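What you see is a predicted model; the values in this text were computed from it and never measured. Index from 1, following the sequence.
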Amino acid sequence: MKKIVCLVASVLFLSGASAFAQGEMDAYKYSLGDLNGTARYLGMGGAFGALGGDASAMSSNPAGLGIYRSSEVVGTLSLSSIDTKSNWNGNVSKDDKSKLSFDNFSYVGYFPTANESGIMSWNIGLSYNRLKNFNRNYRLSGSQAYSLADYAAYKTSVNDPVIPEEDLIYVEGSYDPYNQADIPWMSVLGYEGGYFGSFQNDRTQYHSGFGTSNATGDIWYADSPQNTTLNVSEKGAVDQYNFAFATNISNSVFLGATIAVTDINYSISTIYDERFAGSDYLYLDNGLTTEGTGYSFNLGAIVRPVDFLRMGVAYNSPTWYKMTDYFHAEAGTDIAQYDPSKMDASTPDKVYADYKLRTPDKWIFSAAAVIGQYGLLSVDYELTNFKGMRLKYVNDREMRDNEAIKADFGTSGLLKVGGEFKVTPQFAVRAGAGWQSSPVKTDLKNRDVEVVTAGTLPHYTVDKGSDYITVGLGYRFTPNFYADLACVYKTYKEDAFTFSRTFLDGDIAVDSDAISLKTNTTRVALTLGYKF
């Protein structure tokens with residue numbers, strides 16, 4: 001019978017491993033944006049929703065293209081320094097990473113109609129824009145009461161239906177437990193790697209491999225790891241290609257639309273270790289690469305009721321992605337009381353999973369005041385509905401994680417303010433700031449719910465909000481050629497977890513510490529532009 005099951009499952013396995021499908025925290029990671037664009041846009045904190053006249057408008061409010069009175073070509077280069085710190089049991093870990101990137105290239109075409117009222121111009125825009133960088137490294141180090149072995153044993157015990165021990169064992173040529181849709185990968189990898197063994201009492205079927213039983217053998221006392229370390233390396237980016245058009249109606253109303261194609265390239269490598277008394281240890285190494293391509297659209301309007309005031313509104317649709325994950329993991333233990341003491345295991349090679357992701361949609365409300373020839377002030381408020389994220393299989397069947405998304409996420413608000421002052425007609429100084437709230441609901445923040453993660457990656461982080469400040473300079477060398485410089489300092493706060501808290505009959509069964517994580521990013525951007 002198992003041979004028949006294996007043959008059927010192998011066909012499904014080749015088309016994508018559903019047991020490794022992404023979870024709610026992964027959907028959020030791929031949906032969360034960042035402050036990116038031209039140096040002028042960055043220098044004013046990204047508060048350009050009602051201002052326009054900048055190529056970055058294509059990714060937010062495309063009506064801003066209608067402000068243009070000439071054609072333009074611009075390019076942006078940036079240097080980022082990323083500093084991530086964690087604090088666990090008083091141990092402070094820090095990792096720095098710097099990266100040079102080409103973030104933006106845009107063309108805006110201005111086509112006047114010669115009308116003195118009505119439709120006065122048609123403008124088009126083509127751009128490449130880097131929406132987000134994933135690059136960072138961080139290290140967590142400390143002690144905790146529970147082991148990943150406890151977590152894997154518990155998750156296997158409470159699986160519905162309970163997984164028999166023989167169903168966790170790979171038998172070459174006849175049975176592969178990784179191909180079974182109802183068996184978590186962490187259970188298989190953990191069992192074959194020696195994380196846990198069979199144990200029967202009234203609350204659980206399996207127990208951690210680290211510990212001892214009482215004299216009668218009916219109670220297991222699990223050991224706590226004396227030291228735990230997690231090293232994480234993330235790489236990748238979200239790149240967007242925009243085609244936009246806009247129109248100017250009587251210099252009072254500006255309308256625009258963008259069609260966008262977005263690419264995601266993300267990879268994460270994690271090395272996790274636990275050290276126990278004596279020489280006993282546990283390890284888990286994970287590698288995951290995600291690739292995806294999606295499409296979206298933006299619609300926007302800007303109204304100028306009087307010369308000095310502009311008001312804008314824009315709708316940014318979800319991005320509908322087709323995604324592919326490639327993954328591999330290795331796990332093992334060394335437990336002196338067992339023979340053999342060392343056990344190692346790995347997931348199958350060259351395995352992938354295809355799925356679909358819909359990111360949240362967003363509304364942008366904005367206003368700006370133009371102060372004669374001297375400067376301007378602008379404010380944007382972005383409202384993003386993270387509750388609208390969705391994960392689907394390739395056949396459009398919804399994943400169970402969508403119920404968790406609806407329960408654990410809400411809306412996030414991002415307030416952006418910016419200003420520009422012209423010291424001379426050629427030289428301008430700029431400043432801005434932004435504050436973004438976390439969309440994570442209270443139950444998830446307080447750890448009153450369990451977080452189900454993807455496959456063999458039990459580690460995750462929970463957003464606690466971010467803020468940034470910006471400054472910038474601009475200089476026009478000739479009526480046609482100009483340069484802008486900006487510096488952005490952003491702070492992003494999270495809680496990191498080595499694995500999720502789990503519950504049994506309302507009580508905490510297994511727990512891990514909330515580890516404070518703060519990522520400070522300093523970015524310097526240079527934009528060169530030419531108007532014609």
Problem set entry | side-chain contact (heavy atoms from CB on, under 4.5 Å) between T270 and L288, worked out | CA-CA 9 Å; T270 66; L288 168 67; over 6 Å; no
For this session: Could you give me the CA-CA distance, side-chain angles and deciding distance for L282 and Y195, then say whether side-chain contact (heavy atoms from CB on, under 4.5 Å) is met?
Result: CA-CA 7 Å; L282 169 154; Y195 283 16; 3.5 Å; yes
Exercise. Going through the distances and angles, do K416 and E382 end up as a side-chain contact (heavy atoms from CB on, under 4.5 Å)?
Worked result: CA-CA 8 Å; K416 302 189 289 188; E382 299 182 0; 2.8 Å; yes
Exercise. Please walk me through it: do Y281 and D273 pass side-chain contact (heavy atoms from CB on, under 4.5 Å)?
Worked result: CA-CA 7 Å; Y281 68 83; D273 293 285; 5.5 Å; no
Problem set entry | CA sep, side-chain torsions, deciding dist, call: N129, N104, side chain to side chain donor-acceptor pair (under 3.5 Å) | CA-CA 5 Å; N129 197 35; N104 175 275; 3.2 Å; yes
For this session: Could you go through the salt bridge (charged side-chain N to carboxylate O under 4.0 Å, His left out) check for R501 and E450 one step at a time?
Result: CA-CA 6 Å; R501 172 182 286 178; E450 181 180 347; over 6 Å; no
Exercise. Do D103 and R523 pass the salt bridge (charged side-chain N to carboxylate O under 4.0 Å, His left out) test, and can you show the C-alpha distance, the side-chain angles, and the key distance before you say yes or no?
Worked result: CA-CA 11 Å; D103 288 349; R523 180 149 53 101; 3.8 Å; yes
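With E24 contributing its side chain and M389 its backbone, the two residues share no donor-acceptor pair below 3.5 Å. Formation of a donor-acceptor pair under 3.5 Å by the N395 side chain with backbone atoms of R397 is found in this model. A donor-acceptor pair under 3.5 Å links the side-chain atoms of S438 to the main chain of V440, judged by distance alone. Within the 3.5 Å criterion, the main-chain N or O of A27 finds a donor-acceptor partner in the side chain of S31. When atom types are taken as modelled, the side chain of N133 and the backbone of N135 share no donor-acceptor pair closer than 3.5 angstrom. Checked by atom type and distance alone, the side chain of T333 pairs as donor or acceptor with a backbone atom of G193 at under 3.5 Å. Under the 3.5 Å distance criterion, the side-chain polar atoms of S147 are left unmatched by any main-chain donor or acceptor of S224. A donor-acceptor contact shorter than 3.5 Å is absent between the side chain of D354 and the backbone of V394. In terms of modelled atom types and a separation under 3.5 Å, the side chain of S208 and the main chain of D150 share no donor-acceptor contact. Not one N or O on the side chain of N316 forms a donor-acceptor pair closer than 3.5 Å with the backbone of D361.
Contact record, D263 with Y241: OD2-CE1, 3.6 Å, taken as the closest heavy-atom pair. Between G46 and L35, the shortest heavy-atom contact is CA-CD1, 3.8 Å. In terms of heavy-atom proximity, S213 sits nearest to Y221 at C-CD1, 4.3 Å. For D463 against L32, the heavy-atom pair with the smallest separation is OD2-CD2, 4.3 Å. The nearest pair of heavy atoms linking F499 to Q144 is CE2-NE2, 3.5 Å. Nearest heavy-atom pair across A454 and G23 is CB-N, 4.3 Å.
Taking the six-membered ring for Trp and the full ring otherwise, the centers of Y489 and Y468 sit at least 6.0 Å from each other. In summary, the aromatic rings of W363 and Y381 are positioned with their centroids too far apart to meet the 6.0 Å limit. For F409 and Y28, the distance between ring centers is under 6.0 angstrom. Checked against the 6.0 Å centroid threshold, Y170 and Y175 do not count as a close aromatic pair. In summary, the aromatic rings of F196 and H207 are positioned with their centroids too far apart to meet the 6.0 Å limit.
Expressed to the nearest 0.5 Å, how far CZ of F327 lies from OH of Y352 amounts to 10.0 Å. In this structure, CD1 on I264 lies 8.0 Å from OG1 on T290, to the nearest 0.5 angstrom. Taken to the nearest 0.5 Å, the CG atom of L189 stands 6.5 Å off from the CG atom of L284. One finds the CD atom of E274 at 10.5 Å from the CG atom of L230 (value rounded to the nearest 0.5 Å). A distance of 4.5 Å separates OH of Y41 from OG of S60, quoted to the nearest 0.5 Å. Expressed to the nearest 0.5 Å, how far NZ of K464 lies from OG1 of T491 amounts to 13.0 Å.
The closest side-chain heavy-atom distance from N137 to T84 is not below 4.5 Å. In this structure, T293 and T262 have side chains that are not in contact, with every pair of non-hydrogen atoms separated by 4.5 Å or more. Residues I515 and D495 form no side-chain contact, since every pair of their non-hydrogen atoms from C-beta on lies 4.5 Å or further apart. At least one side-chain heavy atom of T498 sits under 4.5 Å from a side-chain heavy atom of Y272. Two residues are said to be in side-chain contact when any heavy atoms from C-beta on lie closer than 4.5 Å; M25 and V462 meet this criterion. Side-chain contact between K445 and D408: absent, with no pair of heavy atoms (C-beta onward) separated by less than 4.5 Å. Residues Y206 and E165 meet the side-chain proximity criterion, which asks for heavy atoms closer than 4.5 Å. In this structure, the side chains of D344 and Y283 come closer than 4.5 Å at one or more pairs of heavy atoms.
A donor-acceptor pair shorter than 3.5 Å cannot be found between the side chains of E291 and Y266. Residues T519 and Y138 bring no donor and acceptor atom of their side chains to less than 3.5 Å of each other. For the residue pair N227/S143, the side-chain donor-acceptor check at 3.5 Å is not satisfied. With 3.5 Å as the limit, one finds no donor-acceptor pair spanning the side chains of T229 and S141. Residues S59 and Q240 bring a donor and an acceptor atom of their side chains to less than 3.5 Å of each other. When only modelled atom types and interatomic distance are considered, D325 and Y355 share a side-chain donor-acceptor pair under 3.5 Å. Side chain to side chain, S101 and S78 meet the donor-acceptor criterion of an N or O pair below 3.5 Å.
Between D511 and R447, at least one side-chain nitrogen of the basic residue sits less than 4.0 Å from a carboxylate oxygen of the acidic one, meeting the salt-bridge criterion. Salt bridge D34/K490: present, at least one basic N to carboxylate O contact under 4.0 Å.
Between D396 and the options K356, K322, R358, a salt bridge (charged side-chain N to carboxylate O under 4.0 Å, His left out) holds for only K356.
By the neighbour-count criterion of 12 heavy atoms within 6.0 Å, atom NZ of K235 is sparsely surrounded, having that number or fewer from other residues, nucleotides or ligands.
For residues 131-147, the set of pairs meeting the salt bridge (charged side-chain N to carboxylate O under 4.0 Å, His left out) definition, not counting sequence neighbours, comprises R136-E234, R136-E494.
For F276, the ring pair (Phe, Tyr, Trp, His ring centres under 6.0 Å) partners at least two apart in sequence or on another chain are F210.
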